[in-house]
Asks: 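Structure incoming, see below.
Every heavy atom of this structure was used, including side-chain atoms; hydrogens, water molecules and symmetry mates were not. A quick note: this is a predicted structure, and the numbers were derived from the prediction, not measured.
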Amino acid sequence: MRQSRLFAPTLKESPADAEIASHKLLVRGGFMRRVASGIYDFLPLGVRVLRKIERIIREEMNREGAQEVMLPILQPRELWEESGRWSLYGEEMMRLKDRAGRDFGLGPTHEEVITALVRDNIKSYRDLPLNLYQIGAKFRDEVRPRFGLLRAREFVMKDAYSFDRDEKGMRDSYHSMYRAYSRIFDRCGVRWMAVEADTGLIGGDVSHEFMVLAAVGEDRIAHCENCGYAANVNLAGYRRESITGKARPLELVYTPGRRTVEEVSSFLEVEPRYLIKCLMYLVEGKPVAVLVPGDREAGEVKLERALGTPEFRLFNDADWECHPQFVRGFVGPVGLDGAEVLADLSLEGAQGMVCGSNREDHHLVGVEVGRDFKPTRYLDLALVRDGDPCPRCDSSLQVAAGIEVGQIFQLGLKYSQSMGCTYTDEKGQERPVFMGCYGIGVTRLMAAIVEQHHDDKGIRWPLEVAPAHVHIIPLNYEKEERRRAAEGIYRELLESGLEVLLDDREESAGVKFADADLYGIPFRLVLGKVFEESGELELQVRTSGERVIMSPQEAKNWIMEALTGV
RNA sequence: CGGGGUGUAGCGCAGUUUGGUCAGCGCGCAUGCUUUGGGAGCAUGAGGUCGGCGGUUCGAAUCCGCCCACCCCGACCA
């Protein structure tokens, strides 16, 4: 590539709408431009990086026996009616009509299309197992696109779907994808972690998310360095310690106007963890009281799993009005009528607690769980915090921020049953196919790589995903001999199979270096004063900042050496 | 969807409070000369329906109304 011809316009200043490093640097470095909120153009350098990432994905998917297909972005309503997701997916799916008024959706994911394809074309156990994947555009009408590629409305995703005869086959497929993902993220040069995850709208039972550790990540993950336990905080467990507050007799106390945990806590001079927070939820139209220690949050994903339905919400103003027996700010589990009571595990046997009394301006103190009231069930409902005890060992959990770059699911029969995807087994019995699905956010991964690999001057691409291997920077390019020398080195490196960018512009050294920093190509060969004197050039390593003077031949060998195995 | 904010040249911004030599600055771009190991200097120049529509006014970037786009916080979502 000759830089004078390369369409990769750089910017001195960050665009006003960018606030995180990957967004700023990908735009400043000429890798991409914004078209609309959450929608981007990819310029030649950006495309080169994307293709590198896609190549890694293809190689590792193919290695596990997956086969690439191409599925349509535009999908008919009927298919989504079959799975029931036409209504369930909601506003997040972009929808449109054709000229005849038929409904279509822009695919946010492809379970329906792939299940229909496989359903119509496999018949026998001999056709299984099967693993199909594709890499292409996906659309999700995010409520609030932000952070550049991290939360876009149109993005590139690799999605794969496995089809097996039974549960064991499905688990094997799942593990094979887990292995493929591990290699993919390793090769992309990111520090990542696989965590137990919720399955959300996709459905299924077992799921892992692959997280790239980064402060700007929108996910929180809890992990244990001792035993390796790791889970998304929205469902991470932690070992409960029994809670025993100050021993005192059960008593009604006057707490005028004290409704919140903070108010009651400071008024009664009792630490929040000795309060029982009683949250009123409306679950499928019925009131349910959810109890957690006063210093804890209830996790709604945990709650959804416990309730077995996504149809619930915290009481709103109208709900309080509809249920006047619940005294807002003073509800408590003791003597609570008309609501099921779900308590967090930590409350089992708790003593010396404070809770609402169901009477205006009064709380109860000296409450003992189990004696003064009995919850319907004890469940894991409270959210984990940094430093909580690991649920599997004695160590403590750490909570860190991460970017979700991939997620894998054991779907089971969810789609095959609703869509009739079956096969005939050896005995002639018709059976539903066990499915799994596996996604990687390719463009999001590109941004995640930048989040982990940059400095204040620009990107520092890991070797295997860099837009090129070597950046040749001849200074004083207007000099004929310099130009010829650079040209010679350029040709030679190209002939060695390297990907090379030659800065053949008559620009000042400062401009060339600044652009090179933004582009972030791993190895840089500078032809300057030293070259004039001794014919040697300077090899600069973008990541380490290392600079070594050597002959062109040595430089070539050095780089070839660094590239072995890539 | 609620709250807050911003739209002025390719990019980053000032000007709007108080309507009238306010169509401005920096970067970038073009041309010339000088520069060339970290975004160099001088000179000349091109480039803008001031987000859009409507209104008030002798006169609107500036005041009023509606709309659109974009950003932030929240809700939502994975």
Asks: Contact class for A/Glu478 (heavy atom, under 4.0 Å): base, sugar-phosphate, or nothing?
Replies: base

Asks: Once you apply a heavy-atom cut-off of 4.0 Å, does A/Leu150 come out as touching a base, just sugar-phosphate, or nothing?
Replies: nothing

Asks: Let's see if you get this right: which residues in residues 28-35 of chain A place a heavy atom under 4.0 Å from RNA chain B?
Replies: A/Arg28, A/Arg34

Asks: Just call it for A/Asn232: base, sugar-phosphate, or nothing, with non-hydrogen atoms closer than 4.0 Å on any strand.
Replies: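 If one applies the 4.0 Å heavy-atom cut-off, A/Asn232 turns out to touch nothing in the nucleic acid.
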
Asks: Within 45° of the ring axis of A/Trp86 and under 6.0 Å from its six-membered ring centre, is that where the NZ or CZ of A/Arg95 lies?
Replies: yes

Asks: Mind checking if A/Lys457 touches a base, just sugar-phosphate, or nothing, with heavy atoms under 4.0 Å?
Replies: base

Asks: Determine, using ring centers only, whether A/Phe315 and A/His323 are less than 6.0 Å apart.
Replies: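 For A/His323 and A/Phe315, the ring centres are under 6.0 Å apart.
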
Asks: Going by modelled atom types, is there a donor-acceptor pair between the base of B/G38 and the side chain of A/Glu507 at under 3.5 Å?
Replies: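 Check fails, no donor-acceptor contact within cut-off.
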
Asks: Under 4.0 Å between any heavy atoms, over every strand shown, what does A/Pro9 touch: base, sugar-phosphate, or nothing? Just pick one.
Replies: nothing

Asks: Can you check whether A/His223 and A/Tyr229 have ring centres sitting under 6.0 Å from each other?
Replies: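 Ring-ring flag for A/His223/A/Tyr229: false, centres at least 6.0 Å apart.
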
Asks: Taking N and O atoms by type only, does the side chain of A/Glu538 place a donor or acceptor under 3.5 Å from a partner on the base of B/G37?
Replies: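 Donor-acceptor pair under 3.5 Å: yes.
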
Asks: Tell me, which pairs form a salt bridge (charged side-chain N to carboxylate O under 4.0 Å, His left out) where one or both residues lie in residues 446-457 of chain A, sequence neighbours left out?
Replies: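 Passing the test, one end in residues 446-457 of chain A: A/Asp455-A/Arg460, A/Asp455-A/Arg542.
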
Asks: Which residue pairs pass the salt bridge (charged side-chain N to carboxylate O under 4.0 Å, His left out) test when at least one of the two sits in residues 18-34 of chain A, sequence neighbours left out?
Replies: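 Found A/Asp17-A/Arg34.
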
Asks: Just checking A/Gln540: base, sugar-phosphate only, or nothing, at a heavy-atom cut-off of under 4.0 Å?
Replies: base

Asks: Students often get this wrong, so: under 4.0 angstrom with heavy atoms, is A/Ser37 touching a base, only sugar-phosphate, or nothing?
Replies: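 Since only primed, P, OP1 and OP2 atoms lie under 4.0 Å of A/Ser37, the category is sugar-phosphate.
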
Asks: Pick base, sugar-phosphate or nothing for A/Asn234, based on heavy-atom distances below 4.0 Å to the nucleic acid.
Replies: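 The residue A/Asn234 makes no contact with any strand.
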
Asks: Would you classify A/Gln407 as touching base, sugar-phosphate or nothing, given that sugar-phosphate means primed atoms plus P, OP1 and OP2, and contacts are heavy atoms under 4.0 Å?
Replies: sugar-phosphate

Asks: For B/G28, does OP1 or OP2 lie under 4.0 Å from any side-chain N or O of A/Lys12?
Replies: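 For B/G28, OP1 or OP2 has a side-chain N or O of A/Lys12 closer than 4.0 Å.
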
